[in-house]
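Written out below as structure tokens is the structure these notes cover.
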Amino acid sequence: MPVAGQGPSLECAYIGLGANLADPVRQVQQAFLDLQRLPLSRVLAHSRLYRTAPVGPPDQPDFVNAAVRIETGLEPMALLAALQAIERSHGRIRDGRRWGPRTLDLDILLFGNRCLNVPGLHLPHPQMHRRGFVLVPLAEVAESGLVVPGRGTLRELLAALPGGGIEPLAPDARLSATPMPG
């Protein structure tokens, strides 16, 4: 609980970003700018962009993925609502299809060391420990010795991944603090 006269207590959270429709590089870059405007939050670090094969139906384009570390005074459900509003502003339609193509996907991967299992939000993200497209960008922004509750250290999880399937994009395709032209 915040002390009177002080702001909310801040927690570190990690967000996974992904897109494979409507110029995915631009979608992820713009989402990064949107994350900088989250209330009671600030971006601490961001990864480079990666191209990855889709999980799920093979009849879809490759994804562009990244990760961001933020410090936030929002509670997990408020952060989720803010992320879903950003997704909607990018044209994301949640039609119930899992692992399908999308203009933007923003997932809370970790929120401090909280474990949470409520409708619509599971922390840590339930499949992150198996997904290179999550773990590799996460490793770029993670605090040293990051532990995924119930799964182990990030270093251990990375070592257990099969190789391949994730490729860094060209250096000029990075997350940026300035809007993309056009």
Side-chain angles (χ1 to χ4, degrees), residues 1-19 24-50 63-90 92 104-129 131-158 166 168-169 173-180:
M1 187 101 184
V3 175
Q6 293 183 348
S9 60
L10 300 176
E11 286 196 67
C12 181
Y14 295 92
I15 299 169
L17 298 82
V25 168
R26 183 176 171 84
Q27 293 286 353
V28 172
Q29 289 171 327
Q30 184 59 50
F32 171 66
L33 296 174
D34 296 337
L35 291 172
Q36 292 179 349
R37 293 187 288 273
L38 283 173
L40 304 173
S41 305
R42 71 183 175 113
V43 172
L44 300 175
H46 59 79
S47 72
R48 61 187 150 169
L49 301 177
Y50 289 90
F63 273 81
V64 171
N65 293 100
V68 171
R69 177 169 43 110
I70 67 169
E71 184 176 68
T72 186
L74 297 173
E75 287 296 317
M77 293 305 291
L79 178 58
L80 177 64
L83 297 180
Q84 289 177 342
I86 292 170
E87 288 178 342
R88 285 190 302 276
S89 76
H90 284 252
R92 170 79 187 264
L104 183 64
D105 189 28
L106 299 174
D107 290 322
I108 303 172
L109 304 173
L110 296 163
F111 195 102
N113 57 7
R114 294 190 196 194
C115 294
L116 186 63
N117 190 359
V118 297
L121 182 59
H122 302 276
L123 295 172
H125 191 282
Q127 297 299 318
M128 67 179 282
H129 64 287
R131 296 180 171 165
F133 66 86
V134 171
L135 296 178
V136 171
L138 178 61
E140 286 188 33
V141 300
E143 296 172 304
S144 178
L146 180 70
V147 174
V148 177
R151 298 294 179 189
T153 67
L154 179 56
R155 181 181 303 238
E156 293 166 338
L157 297 175
L158 283 166
I166 182 165
L169 291 178
R174 297 183 61 85
L175 292 179
S176 170
T178 57
M180 296 296 293

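For this chain, numbers begin at 1 and follow the sequence in order.
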Shortest non-hydrogen pair, Ala66 vs Pro137, comes out as C-CB, 3.8 Å

Between Leu104 and Gln30, is any pair of side-chain heavy atoms under 4.5 Å apart? no

So does Leu44 get a backbone contact from the side chain of Glu71, meaning a donor-acceptor N/O pair under 3.5 Å? no

Sub-4.5 Å side-chain heavy-atom contact between Gln29 and Leu49: yes

Can you tell if the side chain of Leu106 reaches within under 4.5 Å of the side chain of Asp34, non-hydrogen atoms only? no

Distance col, row Arg92:CZ vs Gln84:CD, nearest 0.5 angstrom, shows 8.5 Å

Looking only at heavy atoms, which two atoms of Leu40 and Leu10 are closest? And how far apart? O-CD2, 4.0 Å

Can you check side-chain contact (heavy atoms from CB on, under 4.5 Å) on Met128 and Leu138, steps first, answer last? CA-CA 10 Å; Met128 67 179 282; Leu138 178 61; 3.5 Å; yes

Backbone N or O of Ala45 within a donor-acceptor pair of the Arg69 side chain at under 3.5 Å? no

Would you mind reporting whether Leu146 and Tyr14 have side-chain heavy atoms less than 4.5 Å apart? yes

Answer yes or no: is there a side-chain heavy-atom contact under 4.5 Å between Val141 and Val68? no

Nearest 0.5 Å, please: how far is CG in Asp107 from CZ in Arg131? 8.0 Å

Closest non-hydrogen contact found for His90 with Ala31 is CE1-N, 3.7 Å

Donor-acceptor pair, Ser47 side chain versus Glu140 backbone, under 3.5 Å? no

Can you give me the closest heavy-atom contact between Ala19 and Gln27, atom names plus distance? CB-CB, 3.9 Å

Are the side chain of Ser89 and the backbone of Glu87 linked by a donor-acceptor contact shorter than 3.5 Å? no

Any idea which heavy atoms bring Leu154 and Ala142 closest together, and the distance? CD2-CB, 3.6 Å

Over all heavy atoms of both residues, which pair between Pro126 and Arg151 is shortest? Give the atoms and the distance, please. O-NH2, 4.3 Å

So do the side chains of Leu17 and His46 get within less than 4.5 Å of each other, counting heavy atoms only? no

What donor-acceptor contacts under 3.5 angstrom involve side-chain atoms of residues 108-117, with partners at least two apart or in another chain?
unit_1, atom_1, unit_2, atom_2, d
Arg114, NE, Glu11, OE2, 3.1
Arg114, NH1, Glu75, OE1, 3.0
Arg114, NH2, Glu11, OE2, 2.4
Arg114, NH2, Glu75, OE1, 3.4
Asn117, OD1, His122, ND1, 2.3

Is there a side-chain contact between His125 and Val134, using heavy atoms and a 4.5 Å cut-off? no

Before you tell me yes or no, could you show the steps for Ile166 and Asn65 under side-chain contact (heavy atoms from CB on, under 4.5 Å), namely the whole-Å CA-CA distance, both residues' side-chain angles and the distance that decides it to 0.1 Å? CA-CA 9 Å; Ile166 182 165; Asn65 293 100; 5.9 Å; no

Rounded distance (nearest 0.5 Å) linking atom CG of Leu38 with atom CD1 of Ile15: 6.0 Å

